[in-house]
Q: 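The structure's right below; bear with me while I get my questions together.
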Amino acid sequence: MHFDTIELVLTLIKASLYAASLFACGSILFSHLYKSDISIVEEELYQHIRKLCTIGVVLVLVHLCVNIIWLSGGEFEALLDPDMIDLVLFSASGKLQILLSLGFAIIFIATKVRNWIFSLLGILTVLGLYILSGHTGAYEPVFLLKPLILIHLLIASFWAGSFVPLLILMKEHDELAAPTLEHFGKTAAWAIPVLLISGLTMSWFIAGGYHGLTETRYGWMLLGKLAIVVLVLGLAGINKFRLVPNLSKIGHGDNFHQIAIKKLRRSIKLEITLVLIVLLATAIFTTLISPAELGHRIS
């Protein structure tokens with residue numbers, strides 16, 4: 001199994017795009033659902049979202065350029081070849097990439113106009129493109145898998161998008177962290193089980209049932225990703241049932257309060273790291289390694 005440099009670069013770009021998409025969509029969604037909780041740090045959060053959107057657009061442009069070089073056999077001169085540019089831009093993948101950049105632009109605008117309709121349009125544009133381009137469309141039953149992936153992505157983005165707002169709040173106004181975390185925990189209590197059930201159900205159908213999940217390397221890969229997600233959820237559970245209640249009982253300004261805040265920040269940063277590992281693994285197994293190479297059925 002041989003991977004050249006360009007393929008590795010494409011994989012890293014794809015993983016970065018996954019991250020920018022997930023965190024941008026999730027953070028803007030979090031900003032609307034918990035508007036009253038994070039209003040005091042709203043502008044700082046929106047600046048963060050705008051940075052993610054700008055990075056996302058730049059990554060799309062870089063991805064298109066690298067694709068042109070890759071298709072031309074590594075020739076950088078192809079970036080000036082109109083035929084090669086047209087080939088990439090007007091391909092199915094190229095059109096989706098352009099629409100992805102449009103989704104980032106809409107979310108960017110939403111942070112300026114502070115309008116939930118713009119935000120929802122941007123979120124659905126970005127996440128919807130992953131549904132259209134993802135591998136779930138190749139498997140049956142499509143009528144079940146498409147809604148499942150939408151639900152899965154919405155909850156995953158909301159969950160991942162909560163990390164930075166909470167970190168900003170704990171850094172700037174840690175006295176407000178406890179009530180916000182408790183509010184978020186109530187939503188997560190039902191959202192996280194739905195995330196797990198939708199992910200496991202999709203894995204079951206995509207891998208081809210019990211045999212595909214347990215007796216092929218592709219199934220092991222899916223289960224490995226799920227295991228990392230469960231680990232992250234375990235950290236979230238510790239936050240909800242141990243650290244957050246302790247934080248609520250401790251008076252602001254107390255030394256123990258600061259210790260609890262540090263533990264929460266460290267735990268959330270570890271969750272971010274694990275989410276990035278899942279996204280990198282997803283990019284690797286959708287770019288470098290085909291399902292057939294892992295013993296996976298092709299629907």
Side-chain angles (χ1 to χ4, degrees), residues 1-27 48-105 107-108 125-138 149 153 156-157 160 164 217-218 220-222 224-225 228-229 272-294 296:
M1 194 179 299
H2 173 68
F3 309 128
D4 60 30
T5 302
I6 295 180
E7 286 179 319
L8 292 173
V9 171
L10 283 171
T11 301
L12 291 175
I13 294 172
K14 182 179 283 191
S16 300
L17 270 173
Y18 288 164
S21 301
L22 202 67
F23 287 107
C25 289
S27 293
H48 163 74
I49 296 170
R50 287 194 286 270
K51 288 178 183 177
L52 285 172
C53 291
T54 302
I55 291 170
V57 172
V58 171
L59 285 170
V60 167
L61 293 174
V62 173
H63 191 265
L64 290 170
C65 290
V66 174
N67 261 319
I68 292 172
I69 296 170
W70 183 47
L71 289 174
S72 67
E75 298 293 332
F76 283 85
E77 292 80 3
L79 292 172
L80 302 176
D81 184 340
D83 292 331
M84 288 300 299
I85 294 173
D86 286 347
L87 177 64
V88 170
L89 288 182
F90 293 102
S91 66
S93 175
K95 291 175 183 177
L96 288 174
Q97 291 286 303
I98 294 171
L99 287 174
L100 180 59
S101 64
L102 176 62
F104 282 126
I107 293 175
F108 187 102
T125 299
V126 172
L127 298 184
L129 290 171
Y130 287 107
I131 298 172
L132 292 174
S133 61
H135 55 274
T136 52
I149 187 62
L153 286 177
S157 65
V164 171
R217 284 180 291 170
Y218 188 80
W220 299 340
M221 179 272 291
L222 291 176
K225 286 170 56 180
I228 297 176
V229 171
I272 292 174
T273 301
L274 291 173
V275 168
L276 292 176
I277 290 173
V278 170
L279 295 178
L280 179 59
T282 302
I284 289 172
F285 287 105
T286 57
T287 305
L288 296 180
I289 305 172
S290 69
E293 290 180 285
L294 295 172
H296 179 49

Q: What's the shortest heavy-atom distance between A20 and L52, and which atoms?
A: CB-O, 4.1 Å
Q: Do Y130 and I149 come close enough that some side-chain heavy atom pair is under 4.5 Å?
A: no
Q: Over all heavy atoms of both residues, which pair between C25 and I107 is shortest? Give the atoms and the distance, please.
A: SG-CD1, 3.9 Å
Q: How close do I228 and L274 get, counting heavy atoms only, and between which atoms?
A: CG2-O, 3.8 Å
Q: What heavy-atom pair brings V126 and S21 nearest, and what distance separates the two atoms?
A: CG1-CB, 3.6 Å
Q: Checking V164 now: which residues fulfil side chain to side chain contact (heavy atoms under 4.5 Å, CB included) with it, not counting sequence neighbours?
A: H48, I168
Q: Any side-chain heavy-atom pair from L22 and V275 closer than 4.5 angstrom?
A: yes
Q: To the nearest 0.5 angstrom, please state how far the CE atom of M84 sits from the CG atom of L89.
A: 10.5 Å
Q: Compare all side-chain heavy atoms of F104 with those of L17 and state whether any distance is below 4.5 angstrom.
A: yes
Q: Do V57 and C53 touch side chain to side chain, with heavy atoms closer than 4.5 Å?
A: no
Q: First locate atom CG of L127, then atom CG of L100, and finally report the distance between them rounded to the nearest 0.5 Å.
A: 10.0 Å
Q: Determine the minimum heavy-atom distance between K225 and A281, stating which atoms define it.
A: CG-CB, 4.5 Å
Q: For the atom pair CD1 (I6) and OG1 (T11), what is the distance rounded to the nearest 0.5 Å?
A: 11.5 Å
Q: Less than 4.5 Å apart, side chain to side chain, heavy atoms only: is that true for L276 and I272?
A: yes
Q: If you round to the nearest 0.5 Å, how far is CD1 of I98 from CG of L102?
A: 10.0 Å
Q: Minimum heavy-atom separation for T125 to G103, with atom names?
A: CG2-CA, 3.7 Å
Q: Which residue, V60, I13, L79, forms the side chain to side chain contact (heavy atoms under 4.5 Å, CB included) with C65?
A: L79
Q: Determine, step by step, whether L280 and L12 satisfy the side-chain contact (heavy atoms from CB on, under 4.5 Å) criterion, reporting the C-alpha distance in whole Å, the side-chain angles of both residues, the deciding distance to 0.1 Å, and the verdict.
A: CA-CA 7 Å; L280 179 59; L12 291 175; 4.2 Å; yes
Q: Let me confirm one number: the CD1-CG distance from I69 to L64, rounded to the nearest 0.5 Å.
A: 11.5 Å
Q: With sequence neighbours left out, which residue pairs that include part of residues 63-74 fulfil the side-chain hydrogen bond (donor to acceptor under 3.5 Å, both in side chains) condition?
A: H63-N67, H63-Q97
